[in-house]
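Note that the numbering runs from 1 along the sequence shown for the chain.
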Amino acid sequence: SGRRVHGLGYPSQCAFSRLTPSASGWHSPIINTEACEIDRGVCRLDRPLRDVVEQFYLRAGTAESHAKDLRICRDTLYARLHMAHVRIMDYLQVGDE
């Protein structure tokens, strides 16, 4: 029971692209180099850490529901998420070595 989460609450389109006229409705993708770097860092993570990052950031839900889906406790979820953040930050500062 309780409130079901159906999305993260973000609009499907950013504000500035709604103001851009387009006949087809399709826009060129904007390449965000920082997002690409972060994605490379996530891809380098060990499977358990990558699973936590993907579950936490790509799926709607509470920490408890994420932990349940991953079959770990909430404290383990947060510990792994913190470890993933640290490793990604290290990757971004040091790069491939």
Side-chain angles (χ1 to χ4, degrees):
S1 69
R3 186 169 71 97
R4 265 186 93 65
V5 178
H6 293 286
L8 299 177
Y10 296 108
S12 60
Q13 192 177 43
C14 62
F16 70 84
S17 66
R18 281 182 281 199
L19 300 174
T20 306
S22 173
S24 67
W26 293 97
H27 300 282
S28 301
I30 297 172
I31 297 177
N32 185 332
T33 55
E34 291 176 354
C36 290
E37 280 294 309
I38 292 169
D39 185 59
R40 279 194 282 275
V42 170
C43 290
R44 293 173 54 91
L45 294 172
D46 297 332
R47 187 86 222 159
L49 297 182
R50 191 172 48 230
D51 288 345
V52 167
V53 169
E54 290 173 357
Q55 177 71 34
F56 196 84
Y57 289 109
L58 300 179
R59 293 178 180 82
T62 63
E64 288 77 15
S65 67
H66 292 316
K68 184 178 177 183
D69 289 345
L70 292 167
R71 297 190 171 130
I72 58 177
C73 72
R74 187 179 62 93
D75 291 345
T76 302
L77 173 88
Y78 282 122
R80 288 183 184 175
L81 191 60
H82 174 71
M83 194 178 313
H85 287 163
V86 169
R87 291 194 182 164
I88 292 167
M89 186 172 53
D90 288 346
Y91 170 76
L92 293 174
Q93 291 175 352
V94 177
D96 289 326
E97 285 191 353

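For H82, the side chain to side chain contact (heavy atoms under 4.5 Å, CB included) partners at least two apart in sequence or on another chain are V86. A63 meets the side chain to side chain contact (heavy atoms under 4.5 Å, CB included) test with R74, L77, Y78; sequence neighbours excluded. Under the side chain to side chain contact (heavy atoms under 4.5 Å, CB included) criterion, R47 pairs with R50, D51, E54, sequence neighbours left out. For T76, the side chain to side chain contact (heavy atoms under 4.5 Å, CB included) partners two or more places apart in sequence, or in a different chain, are I72, C73, R80. For D46, the salt bridge (Lys or Arg N to Asp or Glu O under 4.0 Å) partners two or more places apart in sequence, or in a different chain, are R87.
Residues C43 and D39 meet the side-chain proximity criterion, which asks for heavy atoms closer than 4.5 Å.
Between A84 and V53, the shortest heavy-atom contact is CB-CG2, 3.5 Å.
Atoms CG and CZ, from L92 and R40 in turn, are 9.5 Å apart once rounded to the nearest 0.5 Å. Atom CZ of F56 is separated from atom CG of L70 by 11.0 Å, given to the nearest 0.5 angstrom.
By the criterion of side-chain heavy atoms lying less than 4.5 angstrom apart, applied directly or through intervening Ile, Leu, Val, Met, Phe, Trp or Tyr residues, I38 is not grouped with M89; the two fall into different hydrophobic clusters.
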